[in-house]
Amino acid sequence: MGISIQNSAGMLKTLNSSSSAIQSSMKNIATGLKINSAADDASGYQILTRMNVSAGTLAQSSQNTQTSNALLKTADGAIGSTVSSLSSLHDQLLKAANGTNNDADISALQQQVNQTVSQISDNAGVTFNDKSLLDGSAKITVAGDNGYKNVSLPDMSAQTLGLQDSKGNSTLDLSTSKGISNALDVVDTALQNALSQQTKIGATQEGLDFSASNYTTQAASVTEAASTTGDSDMAKQITNLKSSQTQQTIALHLMTLSNHRNTDVLALLG
């Protein structure tokens, strides 16, 4: 006789259940996750989503901090060039102050001084991603998970440092001893200003380096926790898949056998 309706229903239930389990295992194996949607685990999915969002925020915060630090490094390099130029100016002025120079020597030194002042003006024109850095207009906002940090960059133009007038002409006059003495005072003040600004930027860079490292460490910790929560146990999923496939094969075989037997019975009755 054929298999009973109750047994057939049971086999159909087993078939449906095994098919569903196979799909679930294959999805987990394909994605590497045991929680792919809220349907898998509503509370677990919510926790995992928050973890992933947090990890992404921390990673972006680290990237923002590192990019801002790259900008500051560019500004620091330009100020470093200005410090070198001011040191060179100081040497040129000391040379001009020596009583052994004739008019031709002073004229040549004046040209060198003017050229160096022009270089300092060029240093202040440095940019990063089309943003002017050292003209007094730059205010950098570093956006991070722990809030916003505003960094203002100085005006390092030759005019602001007292080396040029409003028309762009050098204010350092080597034609007289008094002019050279005044020029030395201006250059010494400008050099101290440049060194002070370089120190401030260096301290800010150090702080941003620490923040970037901290963000990276936090992101790694959250990512590890999310992995523990959401990653699929591959060995277990493969075992489950094989078990479900076996159950499906058996159920299909029994249903096929049942159909054949029922067909034979109907043929005999006919």
Side-chain angles (χ1 to χ4, degrees), residues 52-92 112-172 186-223:
N52 288 331
V53 169
S54 179
T57 298
L58 290 166
Q60 186 61 58
S61 297
S62 178
Q63 183 177 331
N64 287 354
T65 303
Q66 292 178 60
T67 302
S68 297
N69 227 351
L71 181 151
L72 290 179
K73 185 177 182 180
T74 302
D76 178 67
I79 295 178
S81 295
T82 293
V83 168
S84 295
S85 294
L86 289 168
S87 297
S88 177
L89 271 180
H90 192 272
D91 293 342
Q92 292 165 10
Q112 291 180 26
V113 165
N114 294 345
Q115 180 63 37
T116 304
V117 169
S118 178
Q119 180 59 53
I120 291 173
S121 181
D122 290 342
N123 292 342
V126 66
T127 63
F128 183 92
N129 197 27
D130 295 329
K131 179 186 285 292
S132 296
L133 301 184
L134 298 176
D135 62 356
S137 67
K139 185 175 183 180
I140 312 304
T141 300
V142 185
D145 184 57
N146 60 354
Y148 297 88
K149 179 180 180 63
N150 294 316
V151 180
S152 296
L153 295 177
D155 185 346
M156 295 298 294
S157 64
Q159 182 177 345
T160 298
L161 292 173
L163 307 174
Q164 284 182 340
D165 59 23
S166 59
K167 296 181 180 180
N169 300 315
S170 173
T171 60
L172 307 181
V186 170
V187 169
D188 285 343
T189 299
L191 181 57
Q192 185 57 47
N193 185 355
L195 288 171
S196 177
Q197 295 298 339
Q198 197 173 29
T199 300
K200 288 180 182 178
I201 289 177
T204 303
Q205 285 182 286
E206 186 176 2
L208 290 180
D209 277 335
F210 176 81
S211 295
S213 178
N214 191 38
Y215 283 137
T216 299
T217 300
Q218 291 182 63
S221 297
V222 173
T223 299

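The residues of the chain are indexed from 1 along the displayed sequence.
Contact check for Thr127 versus Thr74: no side-chain heavy atoms found under the 4.5 Å cut-off. Taking 4.5 Å as the limit, some side-chain heavy atom of Leu208 sits within range of a side-chain heavy atom of Lys149. In this structure, the side chains of Gln63 and Gln66 stay at 4.5 Å or more apart for every pair of heavy atoms. Side-chain contact check for Gln198 versus Asp76: some heavy-atom pair is nearer than 4.5 Å.
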**Asked** Stepwise, does the side chain to side chain contact (heavy atoms under 4.5 Å, CB included) test hold for Asp155 with Leu134?
**Response** CA-CA 5 Å; Asp155 185 346; Leu134 298 176; over 6 Å; no

**Asked** Yes or no on side chain to side chain contact (heavy atoms under 4.5 Å, CB included) for Met156 and Leu161, after CA distance, side-chain angles and deciding distance?
**Response** CA-CA 7 Å; Met156 295 298 294; Leu161 292 173; 4.3 Å; yes

**Request:** Verify side-chain hydrogen bond (donor to acceptor under 3.5 Å, both in side chains) between Ser88 and Gln92, making sure each step is shown before the conclusion.
**Result:** CA-CA 6 Å; Ser88 177; Gln92 292 165 10; 3.1 Å; yes

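Side-chain N or O atoms of Asp145 include none that pairs as donor or acceptor with a backbone N or O of Ser61 at under 3.5 Å. Looking at Asn129, its side chain never comes within 3.5 Å of a backbone N or O of Lys131 through a donor-acceptor pair. Remark: the backbone N or O of Ser213 is paired with a side-chain donor or acceptor of Thr217 at under 3.5 angstrom. Ser118 places no side-chain N or O within 3.5 Å of a backbone atom of Asn114 that could act as its donor or acceptor partner. Between the side chain of Ser137 and the backbone N or O of Leu133 there is no donor-acceptor pair closer than 3.5 Å. Judged by distance alone, the side chain of Thr171 and the main-chain N or O of Gly162 form a donor-acceptor pair under 3.5 Å.
Interatomic distance, Leu89 CG to Leu191 CG, rounded to the nearest 0.5 Å: 9.5 Å. To the nearest 0.5 Å, the span separating CD on Gln112 from CG on Asp91 amounts to 11.0 Å. One finds the CD atom of Gln205 at 11.0 Å from the OG atom of Ser68 (value rounded to the nearest 0.5 Å). Taking CG from Leu72 and CD1 from Ile140, the interatomic distance works out to 7.0 Å, rounded to the nearest 0.5 Å. The OG atom of Ser170 lies 11.0 Å from the CD atom of Gln115; values are rounded to the nearest 0.5 Å. A distance of 10.5 Å separates CD in Gln159 from CG in Asn169, rounded to the nearest 0.5 Å.
Summarising the geometry of Ile79 relative to Pro154, their closest heavy-atom pair is CD1-CG, 4.3 Å, with the distance given to 0.1 Å. Minimum interatomic distance between Ala219 and Ala59 (heavy atoms only, all atoms of both residues): CB-N, 4.2 Å. Closest heavy-atom contact between Val187 and Leu86: CG1-O, 3.5 Å. Between Val142 and Val151 the shortest heavy-atom distance is CG2-CG2, 4.5 Å. Ser62 and Ala212 get closest at one heavy-atom pair: OG-O, 3.5 Å. Closest approach of Ala143 and Tyr148 over heavy atoms only: CB-CE2, 3.5 Å.
Using modelled atom types, one finds a donor on one side chain and an acceptor on the other under 3.5 Å when comparing Thr160 with Ser157. No donor-acceptor contact under 3.5 angstrom links the side chains of Asp188 and Gln192, judged on distance only. Side-chain contact check for Asn146 and Tyr215: at least one donor-acceptor pair (N or O, by modelled atom type) lies under 3.5 Å. Between the side chains of Ser81 and Asn123, no donor-acceptor pair is found at a separation under 3.5 Å.
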